[in-house]
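A, B, ... follow the sequence lines: proteins, then strands. Residue 1 opens every chain. All values derive from a computational prediction rather than experimental measurement.
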Number of protein chains: 2
Amino acid sequence: MAARDYGEYGGITRAMELVGERWAMLIVRDLLLGPRRYGELAAGLPRIPSNILAARLKELQAAGVIRRAPRSRVIIYEVTPYGRELEPVMVALGAWGFKGMGDPREEQIITPDSMTMDLRAAFRASVAATLPATVYGARVRGAELLIRVDGRALDVRRELTLEDRPVDLAFAAGPGIHRLISGALGPEPAIETGVVRVLGGDPGLLGRFASTFHLAA
Amino acid sequence: MAARDYGEYGGITRAMELVGERWAMLIVRDLLLGPRRYGELAAGLPRIPSNILAARLKELQAAGVIRRAPRSRVIIYEVTPYGRELEPVMVALGAWGFKGMGDPREEQIITPDSMTMDLRAAFRASVAATLPATVYGARVRGAELLIRVDGRALDVRRELTLEDRPVDLAFAAGPGIHRLISGALGPEPAIETGVVRVLGGDPGLLGRFASTFHLAA
DNA sequence: CCGCATCCCATGTGATACTG
DNA sequence: CAGTATCACATGGGATGCGG
């Protein structure tokens, strides 16, 4: 039941024993964004087999990375304080991976949690601090997010109702939004080519979005 | 041949597809410390099967993380510029894993490269900057390292001959050195209990070592 | 229903042997 | 030295079942 080890005594080795097995890092990623129920995790990781999810949850608990939330009627998983310390590492790792992403294949999905982590990785607080507070509503391949930027603070939350929010800019995009964030595509061309479709608000704010969230290879 | 994917389009997912398979992260760790030949990698990862090492080297090359060094007579592997960008992530991940290490089991090994990465993770540049430049010679379970600290700079290299170096402090230790770095054991008790055995130089400098390299849970 | 556990088969991994 | 080849075995994937 314990994760397979490498027979080596070192930091990287230990880290990989804790979160290096298949799917484990993605489970921790989602839990870093908030407590989740078993079904929510399964929904956020559509291709994970249920037996693997169950096994990983046990292993991560045994490793002290996550735990079941105490004094809760229903079963809820959350990161432990030690697991929480993975947060900056996760953001940096996500940024590195983001830079290595090519164009999306048709069958690839984007989940709210993966999108949220990517936004956090691409977020440039120092740039945002120079811009007015802004609320964006984004819909990317089914994932709907409410993105609030205020000074150096970023808050991303999953919202079911996008339309009736007081957003400054609402837009829908395919995974091609990656090209907007990487700078391969400017805001205006993104709209013109249909990569980004403005649903409401001021289309000119897409440039502000691209300045706020930027991660180039 | 390509790494198994997760069917998801996101930074963390991509990162795990690139370096998430078993042994891949350890190979990159070693290559981040310098170019290595196939045999050197195999020696630094004693328990990796040769077919797996060969497979990972191919995959990491296809992923653009490592490459064969150009215009070299012999075959040498090295990180690409993109792979080099993993360095800060690796150090942070190693620090996180280090904090999660318990006491070593008897069969666990320490390699020069794993020890070097742990030292880098535990290195406190801001503390070192306040201390005189110091050269340490350390021998930990067969791994011999020459550790030079000068201001905010850290240089660790593998040296075969430890004795005839102008080191300020030379010591041998078991994996229990982890307790010295984590602060669970002070310098004097470490020497008294035999966890650290001073081979030469000023034993009082072990306190400086413990101040320079510190990583607590 | 939610939170898993079981089953079976495909694939990946490990140990060893072998080769250009 | 730098890998391949082979085969036994462990793990992952997908479907399904089941108890609280």
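- Distances shown here put a side-chain N or O of B:R37 below 4.0 Å from the OP1 or OP2 atom of D:dA2.
- Looking at A:R68, A:R36, A:R67 one by one, the single match for side-chain hydrogen bond (donor to acceptor under 3.5 Å, both in side chains) with A:E78 turns out to be A:R67.
- Contact of A:N51 with D:dG14 (side chain to base): a donor-acceptor pair of N or O atoms is detected under 3.5 Å.
- Regarding contacts with the backbone of D:dG3, a side-chain N or O of B:R68 is found under 4.0 angstrom from either OP1 or OP2.
- A ring-centre distance under 6.0 Å is not found for A:H214 and A:F123.
- Look at CD1 on A:I52: it is 16 Å from C1' on C:dG3, rounded to the nearest Å.
- Relative to the side chain of A:R4, the nucleotides C:dC4, D:dG3, D:dT11 differ in distance, and D:dT11 lies closest.
- Rounded to an integer number of Å, the gap from CG of B:L57 to C1' of D:dG3 is 10 Å.
- Between the CD1 atom of A:I48 and the C1' atom of D:dG13 there is a distance of 11 Å, given to the nearest Å.
- Residue B:R197 places its CZ atom among 12 or fewer non-hydrogen atoms of other residues, nucleotides or ligands, all under 6.0 Å distant.
- Summarising the geometry, the separation between CG on B:L53 and P on C:dG14 is reported as 12 Å, rounded to the nearest angstrom.
- Remark: P of C:dA15 and CG of B:L45 are 13 Å apart, rounded to the nearest angstrom.
- Taking the six-membered ring where tryptophan is involved, the planes of A:F171 and A:Y136 are perpendicular, since the angle between them exceeds 60° and thus also 30°.
- With rounding to whole Å, B:R56 atom CZ is found 14 Å from D:dT4 atom P.
- A sub-4.0 Å separation between OP1 or OP2 of D:dG13 and a side-chain N or O of A:R22 is present.
- In terms of polar N and O atoms assigned as donor or acceptor, the side chain of B:S50 never comes within less than 3.5 Å of the base of C:dA15 in a complementary pairing.
- Close to C:dG3, at under 4.0 Å from its OP1 or OP2, lies no side-chain N or O of A:K58.
- For C:dC4, the OP1/OP2 oxygens have a side-chain nitrogen or oxygen of A:Y77 closer than 4.0 Å.
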